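I have placed the structure first, in the form of structure tokens, so that the comments after it can refer back to it.
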Amino acid sequence: MLTVRRKYIITAGLAALLVAGCLAAVHQPAQARLDELLSSDKPYLAAPASEQTKQPSDRPAVAVPRVYVVRNGDTLSQVALRHGLDADRLAEINGLRDADRIVKGQVLMLPGNAIPYQVGKGETLSSIALRFGCSENELVKMNQLRHPDCLLTGQQLMIPAGQGGGDSQVSRGLPLSQLSWPAVGWISSPYGMRDGAMHEGIDIAADQGQPVRAAKDGKIVFAGPRGTYGIAVIIDHGNGLRTLYAHNSRVLVTEGQRVSAGQRIALIGSTGRSTGPHLHFEVLLNGIPVDPLLCLERAYA
């Protein structure tokens, strides 16, 4: 009888260890395609309690300019036509000496302002257009919507500025074309919708171990493992501006440290949910992710 009881205790103990191991595995970063999937532990949505600041829920919408990343086969005339612009004006805005030569990955600034808007539950393109006093066609064209009848909750749209009561001025807190590039590489995934989810940063593909540099002077408010983002660094630049650097192989700074623009803060890696070495880079203004390409210096990564 004693032997049977011992066997039962040993079996139960092994079962408990197996269950605990399975539960722990659930929380480990899973391998996925280049960059992270939409996840509940996204660091840019929920900062640590020690660094959270309450943001007013009724903060007015602020307009930002738009950017376009040149695709393979694009011409300036095609890009201008697609966005209802004059090709000569587009060339002038972007300082293009040779308007016939644009290359894949090049960043073009588009004239005019727009207000970022996140689609709410149950909202349709028609209801959003009605709310902001613009046409559905304007929204489809501005956001290049392939399936306008199928909007997703949380999807980010750009609304023509000056409509719906939003502030038509560009935010003074947004450092347009002022941030230094954090890594040398090519943009493998831009800001925007990807695989049915919002990708709130850009991915810069680079070699393992290459340096990651601070985009602007600031203070390190986080440095270390951060869920599916792997080893990450977050810098507070003041005035509500923060930048996030994810999937590093190693960090070279500590929390509380002051850093200068261009200073090495980490090394390129593939930690967290990632299948190859790259840097996931985000820019947040008052806790709201904005397209980093609006803020980076007008050059290639």
Side-chain angles (χ1 to χ4, degrees), residues 37-38 42 44-45 57-91 93-94 102 106-171 174 176 187 189-202 282-295:
L37 303 175
L38 192 63
K42 292 188 295 184
Y44 46 79
L45 287 184
S57 59
D58 58 349
R59 183 173 54 234
V62 179
V64 297
R66 296 176 290 152
V67 294
Y68 178 79
V69 180
V70 177
R71 304 170 184 170
N72 192 32
D74 274 346
T75 65
L76 193 69
S77 296
Q78 290 174 337
V79 174
L81 181 63
R82 196 177 303 151
H83 293 87
L85 305 171
D86 177 74
D88 291 336
R89 172 64 176 153
L90 189 58
I93 290 174
N94 289 277
I102 57 175
Q106 186 172 352
V107 179
L108 298 177
M109 188 73 76
L110 304 181
N113 294 329
I115 300 169
Y117 179 76
Q118 196 170 61
V119 177
K121 186 176 181 180
E123 285 191 308
T124 64
L125 194 69
S126 177
S127 66
I128 294 173
L130 182 63
R131 175 177 180 177
F132 286 93
C134 58
S135 71
E136 292 182 45
N137 287 336
E138 281 183 284
L139 294 179
V140 170
K141 191 172 184 179
M142 176 171 281
N143 294 280
Q144 300 181 46
L145 298 176
R146 296 183 180 179
H147 305 289
D149 296 328
C150 184
L151 296 183
L152 301 174
T153 301
Q155 180 174 346
Q156 186 160 314
L157 299 178
M158 301 304 289
I159 310 295
Q163 305 191 50
D167 182 357
S168 62
Q169 298 302 310
V170 174
S171 168
L174 198 62
L176 301 176
I187 299 174
S189 186
Y191 174 93
M193 292 301 294
R194 187 185 70 183
D195 294 344
M198 190 63 188
H199 184 233
E200 297 179 332
I202 62 172
E282 294 183 14
V283 175
L284 301 95
L285 183 62
N286 297 321
I288 300 176
V290 296
D291 190 343
L293 292 180
L294 291 170
C295 307

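Because the structure is predicted, anything quoted here is derived from the model rather than measured. Numbers here simply count residues along the sequence, with the first being 1.
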Kindly compute the distance separating [atom1] ([X]) from [atom2] ([Y]), expressed to the nearest 0.5 Å.
| X | Y | atom1 | atom2 | result |
| --- | --- | --- | --- | --- |
| Asp291 | Ile202 | CG | CD1 | 7.5 Å |
| Arg82 | Ser77 | CZ | OG | 11.0 Å |
| Thr153 | Gln118 | OG1 | CD | 9.5 Å |
| Ser135 | Leu125 | OG | CG | 9.0 Å |
| Asp74 | Ile102 | CG | CD1 | 5.5 Å |

Do [X] and [Y] touch side chain to side chain, with heavy atoms closer than 4.5 Å?
| X | Y | answer |
| --- | --- | --- |
| Ile187 | Leu293 | yes |
| Leu139 | Ile159 | yes |
| Val119 | Leu152 | no |

request  = Check for a donor-acceptor pair, side chain of His199 on one end and backbone N or O of Gly201 on the other, with a separation under 3.5 Å.
outcome  = yes
key: Donor-acceptor pair, side chain of Asn143 and main chain of Leu145, under 3.5 angstrom   = no
Nearest non-hydrogen partners of [X] and [Y], listed with the distance:
| X | Y | result |
| --- | --- | --- |
| Ala91 | Leu76 | CB-CD2, 3.7 Å |
| Glu282 | Pro292 | CA-CG, 4.3 Å |
| Tyr117 | Glu123 | OH-OE2, 2.7 Å |

